[in-house]
Amino acid sequence: MGSYTTASESQLSGSKKLLFRQLFEKDSSTYTYLLADASHPDKPALLVDPVDKTAERDLSLVKELGLKLIYAINTHVHADHVTSTGLIKSKVPGVKSIISKASNAQADLLIEPGDKVYFGDLFLEVHATPGHTLGCVTYVTGDGPDQPQPRMAFTGDALLIRGCGRTDFQGGSSETLYKSIFTLPKDTLVYPAHDYKGFTVSTVGEEMKYNPRLTKDEAGFKGIMENLNLPYPKMMDVAVPANVLCGLQDVESKAN
């Protein structure tokens with residue numbers, strides 16, 4: 001069923017409004033993130049990169065914490081797991097799915113760089129971070145005295161801890177990815193969509209200093225990415241067609 005961890009008080013000092021949970025799906029090593037405005041009367045919440053296999057766990061946690069789930073959002077069209085946005089929508093009326101317009105996928109709301117996704121008095125800013133796929137975005141918590149500090153970046157597969165997403169399919173480009181990663185605010189906490197070595201959080205600045213790929217110049221980065229020789233994700237033929245529909249495919253069999 002996976003597990004979840006909480007951010008420490010030191011990580012999110014000054015963000016009394018934000019309720020934050022980091023959840024894990026072991027088969028695809030995927031992180032899902034639950035955020036909510038705990039100070040708002042409705043306690044509105046959203047899930048970032050939810051996975052179909054852990055939908056029941058995630059919804060149970062939302063219920064336990066007394067939250068009102070309003071959004072299920074994806075950083076990109078995933079190739080290694082099926083998003084649970086459609087399944088969640090079938091179980092929780094009123095939830096809207098979100099994905100980038102550039103992803104050419106379906107969702108209730110198609111966002112673009114510069115857009116803000118509000119949940120209560122808190123919001124996420126949309127940053128374009130293409131390169132792993134054409135439509136990858138990073139969601140960054142808002143910049144302001146009443147927003148969480150330090151800021152948090154949900155980077156999807158664009159920036160991983162001591163790594164980054166592959167660039168050899170779905171319109172990927174190592175040159176584009178290298179440039180887009182360096183546009184992220186340096187002092188933000190990095191919360192990626194995956195980790196395979198047990199890391200849970202980093203910072204953009206830390207990755208610029210210690211990430212073995214990002215410490216190279218652009219030519220060196222491109223050389224690394226073009227010679228990874230990775231097998232295609234085993235779920236790709238199933239996941240991509242489903243996720244292009246943003247999990248809004250026929251989910252009646254799962255919902256019953």
Side-chain angles (χ1 to χ4, degrees), residues 24-33 48-49 51 74-83 99-105 112-113 126-140 152-244:
F24 189 69
E25 194 284 305
K26 61 182 179 61
D27 290 341
S28 59
S29 296
T30 299
Y31 283 126
T32 294
Y33 300 97
V48 180
D49 289 334
V51 181
N74 284 288
T75 53
H76 65 293
V77 173
H78 301 275
D80 51 9
H81 69 267
V82 176
T83 178
I99 201 166
S100 72
K101 185 176 182 180
S103 69
N104 292 317
E112 298 183 86
V126 179
H127 291 240
T129 48
H132 171 61
T133 74
L134 286 172
C136 284
V137 296
T138 291
Y139 299 101
V140 183
M152 309 160 72
F154 301 94
T155 56
D157 287 14
L159 177 58
L160 306 178
I161 299 174
R162 306 302 190 265
C164 62
R166 60 195 295 173
T167 58
D168 57 338
F169 58 79
Q170 290 182 275
S173 164
S174 56
E175 179 180 359
T176 300
L177 180 59
Y178 187 83
K179 292 178 179 178
S180 69
I181 288 175
F182 280 86
T183 66
L184 293 172
K186 302 301 183 289
D187 59 346
T188 51
L189 297 170
V190 170
Y191 289 100
H194 300 283
D195 191 83
Y196 308 97
K197 297 181 180 179
F199 293 113
T200 57
V201 63
S202 182
T203 69
V204 174
E206 183 179 320
E207 292 309 305
M208 299 308 177
K209 187 174 181 180
Y210 298 114
N211 191 307
R213 299 179 184 179
L214 299 182
T215 51
K216 305 294 190 293
D217 60 16
E218 187 175 328
F221 178 82
K222 185 176 181 180
I224 291 173
M225 299 306 294
E226 291 179 351
N227 290 281
L228 292 178
N229 298 316
L230 297 172
Y232 270 29
K234 61 182 180 180
M235 283 285 294
M236 185 173 180
D237 292 341
V238 174
V240 171
N243 292 335
V244 165

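Positions are given from 1, in the same order as the sequence printed here. Quantities reported herein were computed from a predicted structural model and do not represent experimental measurements.
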| For Tyr210, does the OH atom sit with more than 12 other heavy atoms under 6.0 Å from it, leaving out its own atoms? | no

| query | Heavy-atom distance under 4.5 Å between the side chains of Pro192 and Thr155, does that happen here? | reply | yes

| task | Check whether any side-chain heavy atom of Thr129 lies under 4.5 Å from a side-chain heavy atom of Leu159, and answer yes or no. | result | no

| note | Contacts of Asp27 meeting salt bridge (charged side-chain N to carboxylate O under 4.0 Å, His left out) (sequence neighbours excluded), chain-then-number -> Lys53

| Passes side chain to side chain contact (heavy atoms under 4.5 Å, CB included), Val126 versus Glu112? Steps please. | CA-CA 7 Å; Val126 179; Glu112 298 183 86; over 6 Å; no

| If every non-hydrogen atom of Gly165 is compared with every non-hydrogen atom of Leu177, which pair is closest and at what distance? | O-CD2, 3.4 Å

| Are Leu184 and Thr138 close enough that some pair of their side-chain heavy atoms sits under 4.5 Å apart? | yes

| For the student: nearest non-hydrogen atoms of Val77 and Gln170, plus distance | O-NE2, 3.2 Å

| said: Can you confirm whether the side chains of Ser28 and Asp80 place a donor and an acceptor under 3.5 Å from each other? | reply: no

| field | NZ/NE/NH1/NH2 to OD/OE distance under 4.0 Å, Arg162 and Glu206 | value | yes

| said: Applying ring-ring contact (aromatic ring centres under 6.0 Å, His included), can you list everything that pairs with Phe199, at least two apart in sequence or on another chain? | reply: none

| task | Sort and list the pairs that fulfil side chain to side chain donor-acceptor pair (under 3.5 Å) and have at least one residue in residues 215-235, not counting sequence neighbours. | result | none

| query | How far apart are the C-alpha atoms of Leu228 and Asp168, what are their side-chain angles, what is the distance that settles it, and do they pass the side chain to side chain contact (heavy atoms under 4.5 Å, CB included) test? | reply | CA-CA 9 Å; Leu228 292 178; Asp168 57 338; over 6 Å; no

| Can you tell if the side chain of Met208 reaches within under 4.5 Å of the side chain of Ile181, non-hydrogen atoms only? | yes

| message | Run Tyr178 and Met225 through side chain to side chain contact (heavy atoms under 4.5 Å, CB included) and show every step you take. | response | CA-CA 10 Å; Tyr178 187 83; Met225 299 306 294; over 6 Å; no

| From Tyr139, Tyr33, Tyr31, residue fulfilling ring-ring contact (aromatic ring centres under 6.0 Å, His included) relative to Tyr191 | Tyr33

